[in-house]
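What follows is one structure encoded as structure tokens, with my remarks underneath.
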There are 2 protein chains.
Amino acid sequence: MPATRTHLTRDLKRREIVDSAEELFLADGYEKTSMAAVARGAGVASNAIYWYFPGKDDLLAAVLERRLEQAIAALPDPSEASMEEQVLAVLAQLDQVARLTAAVHERSRQSEAVASVHESFHGQIDGLLRRAFRDRGLDEAESAIASEATMALVEGVHLHDQKRDTAARDRLVLWTIGRIVDGSPA
Amino acid sequence: MPATRTHLTRDLKRREIVDSAEELFLADGYEKTSMAAVARGAGVASNAIYWYFPGKDDLLAAVLERRLEQAIAALPDPSEASMEEQVLAVLAQLDQVARLTAAVHERSRQSEAVASVHESFHGQIDGLLRRAFRDRGLDEAESAIASEATMALVEGVHLHDQKRDTAARDRLVLWTIGRIVDGSPA
DNA sequence: GCTACTCTTGAATAGTAATCAAGAGATTTC
DNA sequence: GAAATCTCTTGATTACTATTCAAGAGTAGC
């Protein structure tokens, strides 16, 4: 095979595997999803996955990485949107992967790949939030703390996604950052 | 065996198994700990555990339940301690089981026993926090939201316990609830 | 001593992620 | 055009897991 076409088909197959993994991880959870099921969904043999990904954790990392790119792209322009709009956009993106919150943190301990994507996610959102808090009058140090607190709040909220609706989730987060910004309800 | 002595030795053995499980879960994590290792630590055969506990999740639930009792008992008297002291006490207790935060939420989805203990934990801390926020001037509705937000914040903070020291953790949470209470740094 | 009950155990089952050796398929190279 | 090479696939296998099962100790009441 010539290099170009190889890479094309390789990327295509890779994408199909990630598609299958994403669908199953979100529907059934990370632990409950077997590599065999992912392979079945992608139309390949169970062990064929290991030619594309070193292991299951790396497959999770690939799913997260793609989601992260899409999420960042879907966020509103920071210079035009209000902090509330930005935070709501982040929440909306995270809602879709809420199911994986616990698994991501559990696997980050073992897998460098998962930890790396997760850290990258934190870094990008942290930058966004810090600027937003600074625009709202907090100083540099306060903004750093406020951003960290907001991230923890959002992740904590997503740990319990069973019954809670997204509207209640939004209200809770907005109320809290409203308090952080000026001590009065938003 | 007479009923009394049976129950005595049964409880003793049960406790030894929970001891072993607690030690290993906290040291190596829930997923990485095998039932065989727990059994070895307790000095029984691998399968003997199943006479005392229906499964691994129930073992986790038992560990959590005991920890919860100890934690509640170790908290200061709500009528004497300040809200800050109470929150710090809760944080100190949770620090010891931070390693299990992700696992608890992941397993709560599958195991009724784990979900039940976790819910009980939330209920008790929620009551505590609500009263504390009310004492600080928030009304009933605000206190409910503030309590929920604080719980999410605390759990979110514990998801990332790798490098962070407890002092930084304490500062972050105290700063945030200070903001929630009156909009100025605590 | 018999019986019933509580508990233990070794062996077995079904499932998992991951590995390995053997081999297709297509393409470049000679 | 044949051979060699690289990319990919696959069936069988390994080592590990939680859990189950059938059979058997140990002890206490009768």
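Proteins get letters first, then strands, A, B, ... in listed order; numbering begins at 1 in each. These numbers come from a predicted model, not from an experiment.
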Fill in the blank from the handout: The nucleotide from C:dA18, C:dT19, D:dT17 with an atom nearest the side chain of A:N47 is C:dT19

Exercise for the section: Calculate, to the nearest 0.5 Å, the distance between atoms CZ and CZ belonging to B:R67 and B:F121 respectively. Expected result: 12.5 Å

Practice task
Would you kindly give the CE-to-P distance between B:M35 and C:dT8, to the nearest whole Å?
Solution key: 14 Å

Handout entry: Distance in angstrom units between B:D58 CG and D:dA18 P, rounded
Key = 14 Å

Exercise for the section: State whether a side-chain donor-acceptor pair under 3.5 Å links A:T33 with A:D28. Expected result: no

Handout entry: A:R136 and A:E142 ion-paired at < 4.0 Å
Key = no

Completion exercise
Here the distance between atom P of D:dA18 and atom CZ of B:R107, to the nearest Å, is 11 Å

Fill in the blank from the handout: Here the distance between atom P of D:dT17 and atom CG of B:D57, to the nearest Å, is 16 Å

Exercise for the section: Tell me what A:A45 touches on the nucleic acid: a base, only sugar-phosphate, or nothing, going by heavy atoms under 4.0 Å. Expected result: sugar-phosphate

Problem - Distance, rounded to the nearest Å, where B:I49 contributes CD1 and D:dA18 contributes C1' - result: 11 Å

Handout entry: Under-4.0 Å side-chain N/O to phosphate OP1/OP2 contact, A:K56 with C:dT16
Key = no

Completion exercise
Here the distance between atom P of D:dT20 and atom OH of B:Y50, to the nearest Å, is 7 Å

Problem - Phosphate contact (D:dT9 OP1 or OP2) by A:K13 side-chain N/O below 4.0 Å - result: yes

Handout entry: Interatomic distance, B:E31 CD vs D:dC16 P [rounded to whole Å]
Key = 18 Å

Handout entry: Touch class at under 4.0 angstrom, heavy-atom based, for B:Y52 against every strand present
Key = sugar-phosphate

Practice task
If the plane angle is over 60° it's perpendicular, under 30° parallel, otherwise tilted; pick one for A:H160 and B:H118.
Solution key: parallel

Problem - Spacing of A:R14 atom CZ relative to D:dT9 atom P, expressed in whole Å - result: 14 Å

